[in-house]
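A quick write-up on the structure given underneath.
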Protein chains: 2
Amino acid sequence: MTQATAGETDDPRDRALGPEGRQALITEMVLSTGSVSAQELAESFGVSAMTVHRDLDELQRQGVLRKSRGGATAQPSGTFESNVAFRSKANIEAKQQLARYAAGLVEPGMSVLLDDSTTVFHLLPHLAGLTPLTVATNYLTALTDLSEMRDVQVVALGGHYDAQHRSFMGTPCIESLRSMRFDVAFVSTSAVTGAYTFHQEDKIVAVKREMVAAAEKAHLLVDHSKLRRTALHRLLPLHTFASVVVDPATPAAELATLRENDVRVDVA
Amino acid sequence: MTQATAGETDDPRDRALGPEGRQALITEMVLSTGSVSAQELAESFGVSAMTVHRDLDELQRQGVLRKSRGGATAQPSGTFESNVAFRSKANIEAKQQLARYAAGLVEPGMSVLLDDSTTVFHLLPHLAGLTPLTVATNYLTALTDLSEMRDVQVVALGGHYDAQHRSFMGTPCIESLRSMRFDVAFVSTSAVTGAYTFHQEDKIVAVKREMVAAAEKAHLLVDHSKLRRTALHRLLPLHTFASVVVDPATPAAELATLRENDVRVDVA
DNA sequence: GAAACATCACACTCAAACCTGTGAAGTTCA
DNA sequence: TGAACTTCACAGGTTTGAGTGTGATGTTTC
């Protein structure tokens, strides 16, 4: 499988990559060497020039590089910006892993409470296969998606809309949470340090606290980029969660630190 | 292609319909005859009983009919008419006129309460020009649209999602309404007779009553097709509304009847 | 203007998603 | 209980759409 077929001029390892894998490699190349040639790319991947152009168009759209005649160069604003783009992609993968794991904690018939995090967004497709379910959230995007699923009883938490988070917050949201009770809640936050969780926004802290209180078991979903960071407001101590779920890329040292404080930590 | 193969017992015209076409025909049948037999459907379409069951499940989910042993029956009179798919096609022009008039009753800075009617749907674009506004509703489609407008503070009324109306209802919705107060509310209903308004669904009646109670001025928006009709549940007497707005196509006789009972009636 | 490169429009491939039937297992009704 | 009906799980069959290449047609560069 790793052996080159006689007569083939290109590395067969690169043949079966989809656009995604190819574009990831192109990103690496352009970041390390500063520029790439379209023709060279076509040869080294064993694809046509057209396909390379399409890849470069896509990467340009994402802001990773800039096309030029004959190939592409790294964004002038520097490696940093590209690294951010790369990081946010890596985080997406982590979030998908967290979401997949979280789906495993849900069983048909349960009542589930979701916050307005992007991790939750990745969780939604998995829920379609775990019906019947009752799902409550304050996240507008999720409400729309859930409303189209069969055998999902959707509950909206009311409140004042916050365009930045696309979710509903404030007193109405908190009031509704106080009069409901859920089997399980999935909550995320922006920072975790030591035995505490943090978030930079007051009103979100208020809602998340109430969410945790309204659920039999509340699971905290965080990718490892959130660890060893803080934010303005203290949210809750880690031990108030039934478990803390982190992505597989979390360093062992971080895991050990988390586990110090009588906290159950699971790796997705 | 249009010729029947020898030995085939069923009508070839019905063979190539997808689920969609088949379901449309089933809908017609069940509406005209009141009930259908699963076995007969299977034979007349030349498909298996399993497929018919899947069609009926889907139509039941859409609120078009109700499954029963051996087949399906039409939804109790009136319920189907409250189905979004049906309502949105009827009297579009009248509804747009009502919506335009209603927009004239809104001024920048107001807090506005909207119900889940299609008339409200047509009102939304007008609101963009009347900002700043605070707008509350239990109608999912409206929440999505409003969330994209600038200078509109959006408030969601929470509750249990109802796929047929695309809106949130039940206790949580009513509770939030009880703790809020609005300058103006726009409410619609499915039937008006004499001095009373009616609606066929219990849970909607409960929400609309609370909406009217939560607003300084509540306006009833009805196109003339709703007049001289009744539905199962009494909603509210006409005089509880600040005004009743009807479309210009309303017969003069109807107008006179409405005005008999000390009710303010405006023509859009 | 010729060569190199970029884009466009169309067609092909292949895998995922959808639709359907089958037979077994479960449920309801008489 | 037995018959009719419904649901479930799985396995074809079909359709759809993403990904790709090809050759024709623009566009840039020297």
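Each chain gets a letter, A, B and so on, in the order the sequences are listed, and its residues count up from 1.
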Residue-phosphate contact under 4.0 Å: B:K67 side-chain N/O, C:dT28 OP1/OP2: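 No, no such contact exists.
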
All pairs passing salt bridge (Lys or Arg N to Asp or Glu O under 4.0 Å) where residues 113-124 of chain A contributes a residue, at least two apart: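 Passing the test, one end in residues 113-124 of chain A: A:D115-A:K208, A:D116-A:K208.
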
Pairs touching residues 126-143 of chain A that satisfy salt bridge (Lys or Arg N to Asp or Glu O under 4.0 Å), sequence neighbours left out: none

Show which side-chain atoms of residues 46-55 of chain B pair as donor or acceptor with protein atoms under 3.5 Å away, not counting sequence neighbours.
unit_1 : atom_1 : unit_2 : atom_2 : d
B:S48  : OG     : B:M50  : N      : 3.4
B:S48  : OG     : B:T51  : N      : 3.3
B:S48  : OG     : B:T51  : OG1    : 3.3
B:H53  : ND1    : B:K67  : NZ     : 3.3
B:D55  : OD1    : B:R22  : NH2    : 3.2
B:D55  : OD1    : B:Q23  : NE2    : 2.8
B:D55  : OD2    : B:R22  : NE     : 2.6
B:D55  : OD2    : B:R22  : NH2    : 3.2

Touch class at under 4.0 angstrom, heavy-atom based, for A:S68 against every strand present: sugar-phosphate

For A:Y139, all residues meeting ring-ring contact (aromatic ring centres under 6.0 Å, His included), sequence neighbours excluded: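 So A:Y139 forms no ring-ring contact (aromatic ring centres under 6.0 Å, His included) with any residue.
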
Atom CD of A:E20: over 12 foreign heavy atoms under 6.0 Å: no

Heavy-atom neighbours of B:E40 CD exceed 12 at 6.0 Å: no

Pair B:Q200, B:S190: side-chain N/O donor-acceptor within cut-off below 3.5 Å: yes

Expressed in angstrom and rounded to an integer, what is the separation of [X] atom [atom1] from [N] atom [atom2]?
X	N	atom1	atom2	answer
B:H53	D:dA4	NE2	P	14 Å
B:F45	C:dG21	CZ	C1'	17 Å
B:E58	C:dC19	CD	P	9 Å
A:Q60	C:dA6	CD	P	11 Å

Terminal helix-axis angle for the helix from C:dG1-D:dC30 to C:dA30-D:dT1, with five pairs defining each axis and rounding to 10 degrees: 30°

Where protein sits on nucleotides 8-30 of chain D, one letter per nucleotide: B base, S sugar-phosphate only, - none, heavy atoms under 4.0 Å: B----------SBBB-----BS-

Under 3.5 Å donor-acceptor, B:T33 side chain and B:V30 backbone: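 No; judged by distance alone, with no hydrogens or angles, the pair does not exist.
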
